[in-house]
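The structure under discussion appears below in the form of structure tokens.
For the numbers below, each heavy atom of this structure counts, side chains included, while hydrogens, waters and symmetry mates do not.
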Amino acid sequence: MPKRIFESELTSSDFDGANGREVIISVTAGPIYQKARYQDRSQYRYDIVLTAKEIAAIAGAMNYVASAG
């Protein structure tokens, strides 16, 4: 079953592209698994590293979706 662990819009503070070769998206998310006996309020930090080629692929996919709709 899919589980949503991050329920916010990304803001500029979530991105770091200072090195010019990749973009790092950092998010703080909730737990993947909930404990049965108590509410798990743990927070986890995830860094998603995308290269320029991967970002271009995402942009291309978004352009395709926009032109198809």
Side-chain angles (χ1 to χ4, degrees):
M1 295 292 292
K3 170 87 168 92
R4 183 174 298 216
I5 59 172
F6 182 72
E7 296 189 26
S8 299
E9 288 190 24
L10 295 173
T11 65
S12 60
S13 65
D14 298 318
F15 295 92
D16 178 11
N19 69 15
R21 294 186 310 269
E22 60 193 20
V23 170
I24 301 170
I25 304 168
S26 297
V27 297
T28 302
I32 294 175
Y33 304 105
Q34 294 292 328
K35 307 287 191 241
R37 294 185 179 186
Y38 59 92
Q39 179 67 28
D40 184 357
R41 298 187 189 282
S42 300
Q43 294 288 297
Y44 299 89
R45 187 85 177 158
Y46 294 95
D47 289 339
I48 303 164
V49 180
L50 300 172
T51 65
K53 187 175 180 179
E54 291 166 326
I55 292 168
I58 292 170
M62 293 304 296
N63 289 335
Y64 174 78
V65 169
S67 66

Which heavy-atom pair separates [X] from [Y] by the least distance, and what is that distance?
X	Y	answer
Ser26	Arg45	CB-NH2, 3.1 Å
Asp14	Glu9	OD2-O, 4.1 Å
Glu54	Val49	OE1-O, 3.8 Å

*Given the rule that I, L, V, M, F, W and Y join up when any side-chain heavy atoms are under 4.5 Å apart, are Leu10 and Ile24 in one cluster?*
no
*Partner set under side-chain hydrogen bond (donor to acceptor under 3.5 Å, both in side chains) for Ser12, not counting sequence neighbours*: none
*First locate atom CD1 of Ile55, then atom CD1 of Ile25, and finally report the distance between them rounded to the nearest 0.5 Å.*
7.0 Å
